[in-house]
Amino acid sequence: MDPNPKEEWSIKDFEIGKPLGKGKFGRVYVAREVKSKFVVALKVIFKEQLEKYRIHHQLRREMEIQISLKHPNILRLYGWFHDSERVYLILEYAHNGELYKELSKRGHFSEKQAATYILSLTEALAYCHENHVIHRDIKPENLLLDHEGRLKIADFGWSVQSTSKRQTMCGTLDYLAPEMVENKAHDYAVDNWTLGILCYEFLYGVPPFEAKSQADTFKRIIKVDLSFPPSPLVSSDAKNLISRLLVKDSSKRLSLQKIMGHPWIIKNANPMGVCE
Ligand code: ATP
Ligand code: MG
């Protein structure tokens, strides 16, 4: 159910609808391919911006990676085209928007919903690692929901850009593994750490190492200063999974395969990736 695959797209192939959002590098609109009536999200990036931040080569490389990744929990990039001023990315449309908004609205998720999202993310990451794509920048803002509530990892492969953005914008450190905040060598196991952070945040509504200042968050991450506030809603199985992911030694973190087989996931997650 893709839009017509085509060598050369142009803006004339699309009817542009309402704006969906604005990012650092461009705006996103809902759009419909004229011939197939297929609804997509069109991300428009000004070339001037790409030159200013010197990211055009990186954008091209990352677009090639995202085009090749086809997984139900990874937002599809169907294609791209450009005119004299802009680059357009033809993206899968995530009808239910940002997971982050859903989390803020509800405060926290049920164990069923949290486990379903964690399983979806784990499967998407396992697929990426199999395809030798590592180091993701998974955080709630980069997770979107489709019309059925299925989780989609967006902004795929923009990790270097996101890192520089984070530094310049003094954004949050909350999702970074200890080896990353300490600027040490890191590998795919940073994703396993982030799964632990997200699992905690989904269940408690706040990330585990939240603090008043960046410096304090930094200290809490490197100490792995983890505690579980009393909650009748969070089971010991959930806490077990989180504790086995938030481990300082990256080689000792639970593997993606073992997450999929963890009792909390088996008991709670919907393998179809959708929840009520
Ligand atoms: P960045 O420039 O780093 O990607 P960003 O994620 O804030 O920053 P965009 O990816 O440009 O910005 O997207 C802006 C907003 O538009 C998103 O936060 C989201 O709400 C919405 N959006 C983006 N892509 C889609 C999509 N495929 N379907 C539905 N909404 C989308
Ligand atoms: Mg984005």
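Computed from a predicted model, the values in this text were never measured in an experiment. Numbers here simply count residues along the sequence, with the first being 1. Order of appearance sets the numbers: ligands from 1, and atoms from 1 within every ligand.
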*Asks:* Where does the angle between the aromatic ring planes of F202 and Y117 fall among parallel (under 30°), tilted (30 to 60°) and perpendicular (over 60°)?
*Replies:*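 Perpendicular, since the angle between the ring planes exceeds 60°.
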*Asks:* Quick one: which ligand 1 atoms are inside 4.0 Å of a heavy atom on F25?
*Replies:*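 So the answer, numbered in order with elements, is 2 (O).
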*Asks:* Under 4.0 Å between a side-chain nitrogen and a carboxylate oxygen: does that hold for K248 and E182?
*Replies:*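 A salt bridge links K248 with E182.
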*Asks:* For ligand 1, which atoms, with element, lie under 4.0 Å from some heavy atom of L75?
*Replies:*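 What qualifies from ligand 1 is 27 (N).
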*Asks:* Of all residues at least two apart in sequence or in a different chain, which pass the ring-ring contact (aromatic ring centres under 6.0 Å, His included) check with F218?
*Replies:*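 Counting only residues at least two positions away or on another chain, F218 forms no ring-ring contact (aromatic ring centres under 6.0 Å, His included).
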*Asks:* Is the shortest N/O to N/O distance between E92 and ligand 1 below 3.5 Å?
*Replies:*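 Yes, since at least one N or O of E92 sits under 3.5 Å from an N or O of ligand 1.
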*Asks:* Using a 3.5 Å distance criterion without hydrogens, assess whether the side chain of T122 forms a donor-acceptor pair with backbone atoms of L256.
*Replies:*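 Absent.
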*Asks:* Relative to each other, are the rings of F81 and F14 parallel, tilted or perpendicular (30° and 60° limits)?
*Replies:*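 The rings of F81 and F14 lie parallel, inter-plane angle below 30°.
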*Asks:* Can you find an N/O atom of V28 closer than 3.5 Å to an N/O atom of ligand 1?
*Replies:*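 In fact, backbone or side chain, V28 has no N or O that close.
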*Asks:* Report yes if E141 has an N/O atom closer than 3.5 Å to an N/O atom of ligand 1; otherwise report no.
*Replies:*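 Between E141 and ligand 1 (N or O atoms, distance only) the closest approach is not under 3.5 Å.
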*Asks:* Would you say ligand 1 has an N or O under 3.5 Å from any N or O of K43?
*Replies:*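 For ligand 1, there is an N or O atom that lies under 3.5 Å from one belonging to K43.
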*Asks:* With a cut-off of 4.0 Å, which atoms of ligand 1 are near a heavy atom of E98?
*Replies:*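 Listed by number with element: 17 (C), 18 (O), 19 (C), 20 (O).
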*Asks:* Taking E141 first and then K139, would you say they form a salt bridge - that is, a charged N and a carboxylate O separated by under 4.0 Å?
*Replies:*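 No.
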*Asks:* A41 heavy atoms, cut-off 4.0 Å: which ligand 1 atoms fall inside?
*Replies:*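 Reading through ligand 1 atom by atom, the close ones are 26 (C), 27 (N), 28 (N).
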